[in-house]
Every structure is written in C-alpha cells, then in structure tokens.
S.K.: 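My questions all concern the structure below.
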Amino acid sequence: MRTNAVTFYRNNFAMNSNITSTEPSDDWGDISDAELLDVQSEHLAPPDRSSPTLGGNLGDDGQSLETTEKRIDYLIKKWPNLAPLFERVKNRSAALSVPNQSPMERFLKRHLSVTQLCEQSWCEIKMAYGFIKPKVRMLEMQNTEVTTGASIHLARELEVKPNVVTVAAVTREDREALKLINMLQMVPALEAGQLVQEFPVFGVLEGMFFMGVVDELYRSDSGELVLSELKTRSHNSLPHPAQTKGHALQVGMYKLLFDSMVKGSVKRDHLLHNLQLDPNRVLGSDLQTHTQSLGLQAVTFRELLDHLLVVLTCSNLHAIDKLRLEYSHQSSGKLIGTREVAFEEAQLRTNIRGYLAYWRGERVPQGVEVEEAWKCRMCPYEETCDWRRDRSQRLMMVNKRAKLESDDPKPTGQSKI
C-alpha cells in the first residue's frame, strides 16, 4: 500500500532559538570535530567570511599550519565554552591511528550510526579518512550518484507521506521529539497493515549505542513483517557480492534494533545519555500544540519518550520476519531486482564486535585485501592512502626479492678431480 493518511512532521529549526553555544548540533556524534567547526550550525553563529577557514585536515587544504592555528585561536576566543574541543582539533594528528586514544575519543563520538559500520565493512581505511579529511568526504557526498539516490529516496517517501506539516523546533529535545511523534503515528499505521517509511531505530548492540533509519516496513500478503531497504544504482545490474556485504549488514542491524525496541529492551537512559538530552526540558509551544492535537499529553521530553517506549512494547508488532534489498536503476527508475537476506544473528554479532574493536581502540584500521584492490580505483583517498602506499611498497619488495632469487644462478656440484 502506497498511501497513508497519517500527518508527518518535519523540522523547521528556529534560527533565533535560545540554545546556548555549549549545546552540540543535532546528532552531532555523527560528524567529526573538524566538521563541527566548519559547518554553519544553528548553535554557532555563521563564521566571519573575512577570516581564514578551518580545513578538514590541518594544513591539508592549502593553508599553512600557522594560519589554521590562528583560526582555532580565534574560535576559542569567540566560543570559550568549546575551548577543549578546539584545542583537540588544534593538536590533532593526520595519522590513521593515534596511540592511547580510541577513535571514539579522537572523533568525539558517543554513539555510532548503522551506516558508519556499513562504510567500515567496505573499507575501514576509507571510513577513517572520512573523519580525518571531512572536506574530501563532503565533496564525495555531493557527486551525482549520491545526490540522485537521495532524490529518489525523497520522492518515494513523499508518495507515502503526502501530508507533511512543518513544526518549529526550538531545542535539540524538540528536534528529537519530532522523530518520536512520527514514530508514534507510524506504529498504529504499521499495525493496521499500512506501509511506513523512514522509521527510526535505536538501541544498544554489543555495548554500543546505534541509530539508524529503516527505509520501509510493511506486512506481506502472508502477514509477515518485512523490512525493505532501497538501493539505487547507476548501472542497470545487480551489485557485486562485495557491494552487498554492507547492505546485508545494514538490514541485519536494523532488525536487531527494531526487535529490541518492540521487545522492551531499549531503556529511556540509553537515548538520554548517548544523545545528551535533557529529560526535563519542556517541549516548545508549537510542538505542544501539535502533540495535544494528536491526543498526546506530554509536556516534557521524558514524558514523550516514556509514552513511545510503552506504545512500542504494548503494540502487536513483533520481530522482523523477512529482510529484503530492492535495487533500482537511477536513470530509468525501473526496478533492477530484489534479494532476500538471510538473518544469521550469531555471525552478525561476531562481525559487529569485530568492527567495534576498531572504534574502541583495540586495533588499528584495516584496508582492503589484494583481492578487493579494485575498490581503490573509485576511492577519493587513493593517491594519499597510507595503507595502499605501504602495501604497494611491500609488494614491490617481495617482487624484487623474487626477481633477485630467480636471477641468481643455482650452485652446481663440485667437479671431481
């Protein structure tokens, strides 16, 4: 079913909000410290365009290190409450790993997104460079394939959500509350057999708090609860198995998170602590007006969150039955094909623990193996990748040694006199 009478709410953040500069931006844990400094967030006034710009990597964007340090000193004076963050960027190394500092600490993260682990499954080095050199990543995210895919997702979402109301959000809690309100409307819609899209999922997996957004949830003709993820492709063919590895990881993690939510495993403090939200923050007047129109008696963020958790656990929703990947051609918009994903929880959790070992600083990042070196050809960090350079030098040494050994004449037996 592609129609849904439910009204969905979008965020219209009030630019004249009363948020102090000490409050991080929405879902700020998903951006690196350099990105936080460079982005024009609603919590930090737009930077003075006459002043130097802080690059994604110290000295990496054509500026001298001295100019970058002056820029950081300027930011420290302007926002003294964020001095520890600015100092960390100032002293940051461009190395792939830093001794005695885990990536979670280095990149100032309290939680991870599901898509970050999917990127990690493609190439851990590429994912790490995305934080070290965020400007390169921003340019990559602006390429035609990425923007076209995003447009297709948005068009498909609007097919299901024709009724969209813009609500002014005054605080970070307001913005998260909008997501909770939409979830509260999607749960009964899903119970009634309707298709829902962009369903947020969150929870703790292997000791780490994760967040994600499911493309589609619906019931099949046989009554099975299906989780479907749309992937768009520039090539009119199904992807290579190496490309579907991350896709399978994504829907598998979404299932784990969704299942834990409807089973009551997600606790209030999981969200409050990891997103640093104030449970007693009173919702904005505009938001309260809309919650009351929906019959929700919630004044604070805690009350709204508690209500959602109760609705999830008391609903007739159960664990996801089937995982499905749908591939669509970007140019024509036609369906290329679908794939069912087998859910193997034990192996999935083993893989997650392996990826988290990097984030917790238990090992250094790993690049692709020789068999998948073709990935490097489409990587924006190909020319500056330390992993690729080290592997190439090592391979050259092995080949040189092998050549020397083949050129060296083999010893012959001594002549008898």
Side-chain angles (χ1 to χ4, degrees), residues 1-8 114-115 118 149 151-164 179 181-203 212-233 236-239 241 243-266 308 310-330 332-348:
M1 179 176 288
R2 286 282 173 187
T3 58
N4 196 333
V6 176
T7 300
F8 287 87
V114 172
T115 52
C118 297
S151 299
I152 293 174
H153 272 83
L154 178 59
R156 187 160 174 170
E157 180 185 354
L158 291 177
E159 289 179 10
V160 181
K161 301 176 182 178
N163 304 318
V164 178
K179 300 173 188 176
I181 291 173
N182 284 337
M183 291 176 70
L184 283 168
Q185 297 182 89
M186 284 191 277
V187 169
L190 190 56
E191 288 179 308
Q194 298 182 39
L195 178 146
V196 300
Q197 287 188 318
E198 304 299 314
F199 190 94
V201 289
F202 51 84
V213 181
V214 176
D215 267 359
E216 292 184 347
L217 288 169
Y218 62 90
R219 290 197 181 278
S220 65
D221 294 337
S222 59
E224 294 177 308
L225 187 55
V226 181
L227 185 155
S228 180
E229 189 71 16
L230 171 66
K231 299 296 179 184
T232 62
R233 289 179 54 75
N236 194 14
S237 60
L238 289 173
Q243 294 173 295
T244 60
K245 177 182 177 183
H247 302 165
L249 173 67
Q250 182 178 11
V251 294
M253 291 183 67
Y254 283 165
K255 171 176 166 55
L256 289 177
L257 293 171
F258 182 88
D259 292 356
S260 67
M261 290 169 66
V262 297
K263 291 176 181 177
S265 301
V266 177
L308 171 66
V310 170
V311 167
L312 284 169
T313 54
C314 294
S315 68
N316 63 15
L317 299 179
H318 52 74
I320 301 293
D321 295 306
K322 186 175 294 186
L323 302 176
R324 182 173 176 261
L325 292 170
E326 179 180 339
Y327 295 97
S328 175
H329 187 219
Q330 288 189 348
S332 65
K334 293 182 178 179
L335 176 67
I336 299 174
T338 60
R339 283 180 174 169
E340 304 294 329
V341 178
F343 181 70
E344 300 176 0
E345 182 172 354
Q347 184 60 52
L348 176 59

S.K.: Do T244 and R339 come close enough that some side-chain heavy atom pair is under 4.5 Å?
M.R.: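 Yes, at least one pair of side-chain atoms sits under 4.5 Å.
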S.K.: Measuring from atom CG of L184 to atom CG of L308, what distance do you get when rounded to the nearest 0.5 angstrom?
M.R.: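 CG of L308 is found 5.0 Å from CG of L184.
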S.K.: Name each donor-acceptor pair under 3.5 Å that joins a side chain in residues 253-260 to protein atoms two or more places apart or in another chain, with its distance.
M.R.:
residue, atom, partner, partner atom, Å
Y254, OH, V213, O, 3.1
Y254, OH, Q250, NE2, 3.0
K255, NZ, D259, OD2, 2.8
K255, NZ, I320, O, 2.7
D259, OD1, I320, N, 2.9
S260, OG, L256, O, 3.3
S260, OG, L257, O, 2.7

S.K.: What is the distance from atom OG1 of T338 to atom CZ of R324, rounded to the nearest 0.5 Å?
M.R.: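 T338 OG1 to R324 CZ: 5.0 Å, rounded to 0.5 Å.
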S.K.: Check ring-ring contact (aromatic ring centres under 6.0 Å, His included) between Y327 and all other residues, then give those that pass, not counting sequence neighbours.
M.R.: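 Y327: ring-ring contact (aromatic ring centres under 6.0 Å, His included) contacts with H247.
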S.K.: Please identify each residue that fulfils side chain to side chain contact (heavy atoms under 4.5 Å, CB included) with E191, with sequence neighbours left out.
M.R.: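 Checked E191 against side chain to side chain contact (heavy atoms under 4.5 Å, CB included); matches are V187, P188, S315, N316, L317.
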S.K.: Evaluate Q330 against T232 for side-chain hydrogen bond (donor to acceptor under 3.5 Å, both in side chains), listing each step before the verdict.
M.R.: CA-CA 6 Å; Q330 288 189 348; T232 62; 3.1 Å; yes
S.K.: Between F202 and M261, does the side-chain contact (heavy atoms from CB on, under 4.5 Å) criterion hold? Intermediate values first, please.
M.R.: CA-CA 8 Å; F202 51 84; M261 290 169 66; 4.1 Å; yes
S.K.: Do the non-hydrogen side-chain atoms of V262 and T313 ever get within less than 4.5 Å of each other?
M.R.: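 They are not in contact (no side-chain heavy atoms under 4.5 Å apart), so the answer is no.
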S.K.: Taking all atoms of both residues into account, what is the closest heavy-atom pair of G212 and V114, and its distance?
M.R.: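 Nearest heavy atoms, G212 then V114: CA-CG2, 4.3 Å.
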S.K.: Before giving the answer on side-chain contact (heavy atoms from CB on, under 4.5 Å), spell out for I336 and S328 the whole-Å C-alpha distance, their side-chain angles and the decisive distance to 0.1 Å.
M.R.: CA-CA 5 Å; I336 299 174; S328 175; 5.8 Å; no
S.K.: K322: which residues meet the side-chain hydrogen bond (donor to acceptor under 3.5 Å, both in side chains) condition with it, sequence neighbours left out?
M.R.: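 Partners of K322 under the side-chain hydrogen bond (donor to acceptor under 3.5 Å, both in side chains) test: E224.
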S.K.: Using the test side-chain hydrogen bond (donor to acceptor under 3.5 Å, both in side chains), find all partners of S237 that sit at least two apart in sequence or belong to another chain.
M.R.: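 Expected list: none.
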S.K.: For Q347, what residues pass the side-chain hydrogen bond (donor to acceptor under 3.5 Å, both in side chains) criterion, not counting sequence neighbours?
M.R.: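 side-chain hydrogen bond (donor to acceptor under 3.5 Å, both in side chains) check on Q347 returns N351.
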S.K.: So, using side-chain hydrogen bond (donor to acceptor under 3.5 Å, both in side chains) as the criterion, who are the partners of S220 when residues are at least two apart?
M.R.: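 Testing S220 for side-chain hydrogen bond (donor to acceptor under 3.5 Å, both in side chains), a comparison that skips the adjacent residues, returns S222.
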S.K.: Which pair of non-hydrogen atoms, one from S228 and one from E326, has the smallest distance, and what is that distance?
M.R.: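 Of all heavy-atom pairs spanning S228 and E326, the closest is OG-OE1, 4.1 Å.
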S.K.: Among all residues two or more places apart in sequence or in another chain, which pass the salt bridge (Lys or Arg N to Asp or Glu O under 4.0 Å) test with E345?
M.R.: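 So E345 forms a salt bridge (Lys or Arg N to Asp or Glu O under 4.0 Å) with R349.
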